[in-house]
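Working notes, structure below.
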Amino acid sequence: MGRSKSSLFLMELIIVITFFAFTSAICVQLFAAANRLSTRSVGMQMAVINAQSAVETFKATDGDMNSMRILLGAYAAYGYLLVSYDENWRHTPEGGRFEMAIWTNMNTVPATVIVTVRDTFLDEELYSLIARRYLGVNP
């Protein structure tokens, strides 16, 4: 009689441990997904802020690429400006986790700037912004 009670208790204990192991595995997956979502959200927010800053720099310098390069800490590559950031969104020399490309077209009226921010590790575009300005005209 004592043996059957102990085996029943052991069976219940195994079921409870299995249940907690299963629910803890689900919780760990949810926390990992939440962390990825939070990291992506911060990346997108920083991409928007930096793209807007680049557009405002374009407007303030009347599209002068050399002035924009100096103010943004960019480097010229393939006919446009590139700004690199590390995983904490600090400026880095060439190459980094995030990259902002700035392309201008001064031959159109109004002049156009296209800013694209990419996550180079995931190879995905985080944000893109197109702006136009009549150069030489103060708002």
Side-chain angles (χ1 to χ4, degrees):
M1 196 78 171
R3 182 180 165 139
S4 66
K5 285 185 180 181
S6 65
S7 65
L8 181 63
F9 175 73
L10 185 59
M11 185 67 87
E12 289 176 1
L13 190 60
I14 290 172
I15 289 172
V16 167
I17 290 172
T18 304
F19 174 75
F20 282 119
F22 180 71
T23 55
S24 66
I26 290 173
C27 286
V28 167
Q29 288 179 352
L30 288 174
F31 285 130
N35 186 32
R36 282 192 304 270
L37 185 62
S38 173
T39 302
R40 181 172 167 78
S41 176
V42 167
M44 291 181 90
Q45 182 180 13
M46 291 302 295
V48 169
I49 290 169
N50 285 302
Q52 288 175 340
S53 176
V55 167
E56 291 302 322
T57 303
F58 169 77
K59 290 178 179 180
T61 61
D62 277 341
D64 180 28
M65 294 290 276
N66 192 41
S67 297
M68 288 176 60
R69 182 184 60 77
I70 293 168
L71 290 172
L72 293 172
Y75 56 95
Y78 310 110
Y80 50 91
L81 296 178
L82 289 175
V83 183
S84 294
Y85 303 96
D86 65 6
E87 55 276 347
N88 295 317
W89 288 92
R90 290 184 301 244
H91 282 277
T92 62
E94 298 181 22
R97 167 79 191 261
F98 302 101
E99 191 172 74
M100 179 171 61
I102 305 162
W103 179 79
T104 60
N105 185 355
M106 307 302 281
N107 298 325
T108 61
V109 176
T112 304
V113 63
I114 300 172
V115 180
T116 304
V117 183
R118 299 183 49 78
D119 184 336
T120 57
F121 287 177
L122 299 178
D123 193 30
E124 69 176 352
E125 183 178 300
L126 295 177
Y127 187 71
S128 183
L129 182 62
I130 300 172
R132 292 176 177 85
R133 174 171 170 116
Y134 290 97
L135 299 179
V137 178
N138 293 325

So, taking the atom named CE in Met100 and the one named OG in Ser128, what distance separates them when rounded to the nearest 0.5 Å? 12.0 Å
With salt bridge (charged side-chain N to carboxylate O under 4.0 Å, His left out) as the rule and sequence neighbours excluded, what pairs involving residues 14-32 come up? none
Check whether any side-chain heavy atom of Ile102 sits under 4.5 Å from a side-chain heavy atom of Val113, and report yes or no. yes
Tabulate below the donor-acceptor pairs under 3.5 Å that side-chain atoms of residues 12-37 make, not counting sequence neighbours, or state none.
from: Thr18; atom 1: OG1; to: Ile14; atom 2: O; distance (Å): 2.7
from: Thr23; atom 1: OG1; to: Phe19; atom 2: O; distance (Å): 3.1
from: Thr23; atom 1: OG1; to: Phe20; atom 2: O; distance (Å): 3.1
from: Ser24; atom 1: OG; to: Phe20; atom 2: O; distance (Å): 3.1
from: Ser24; atom 1: OG; to: Ala21; atom 2: O; distance (Å): 2.9

From CA spacing to verdict: side-chain contact (heavy atoms from CB on, under 4.5 Å), Thr116, Glu125: CA-CA 7 Å; Thr116 304; Glu125 183 178 300; 3.5 Å; yes
By the rule that ILVMFWY residues connect when side-chain heavy atoms come within less than 4.5 angstrom, directly or transitively, which residues belong alongside Leu122? none
Establish, from distance only, whether the side-chain atoms of Ser67 and Asp64 form a donor-acceptor pair under 3.5 Å. yes
What's the verdict on side-chain contact (heavy atoms from CB on, under 4.5 Å) for Arg132 and Thr108, showing C-alpha distance, side-chain angles and the deciding distance? CA-CA 9 Å; Arg132 292 176 177 85; Thr108 61; over 6 Å; no
Just so I know, are the side chains of Ser84 and Tyr75 near enough to count as touching, which here means a heavy-atom distance under 4.5 Å? yes
Considering non-hydrogen atoms only, spot the tightest contact between Ala51 and Tyr127 and give its length. CB-CD2, 3.7 Å
What residue pairs, at least two apart or across chains, pass ring pair (Phe, Tyr, Trp, His ring centres under 6.0 Å) with a residue in residues 79-99? Tyr85-Trp89, Tyr85-His91, Trp89-Phe98
ILVMFWY cluster, Ile70 and Leu72 together (side-chain gap under 4.5 Å): no
All salt bridge (charged side-chain N to carboxylate O under 4.0 Å, His left out) counterparts of Arg97, not counting sequence neighbours: Asp119
Check: Thr104 side chain, Met106 main-chain N or O, donor-acceptor pair, under 3.5 Å: no
Heavy atoms only: give me the nearest Ala54-Val115 pair and the separation to one decimal. CB-CG2, 4.0 Å
Before you tell me yes or no, could you show the steps for Met68 and Leu81 under side-chain contact (heavy atoms from CB on, under 4.5 Å), namely the whole-Å CA-CA distance, both residues' side-chain angles and the distance that decides it to 0.1 Å? CA-CA 8 Å; Met68 288 176 60; Leu81 296 178; 3.9 Å; yes
As an exercise, state the distance from CG of Leu71 to CD of Glu56, rounded to the nearest 0.5 Å. 12.5 Å
Are Leu129 and Val83 connected in a single hydrophobic cluster, I mean Ile/Leu/Val/Met/Phe/Trp/Tyr linked by side-chain heavy atoms less than 4.5 Å apart? yes
Is any side-chain heavy atom of Glu99 closer than 4.5 Å to a side-chain heavy atom of Val117? no
In short, side-chain hydrogen bond (donor to acceptor under 3.5 Å, both in side chains) pairs touching residues 39-49 with sequence neighbours left out are Arg40-Glu124
Can you get from Trp103 to Met65 by hopping between Ile, Leu, Val, Met, Phe, Trp and Tyr side chains that sit under 4.5 Å apart? no
Is there a path of hydrophobic side-chain contacts, each under 4.5 Å between heavy atoms of I, L, V, M, F, W or Y residues, that connects Phe58 with Ile114? no
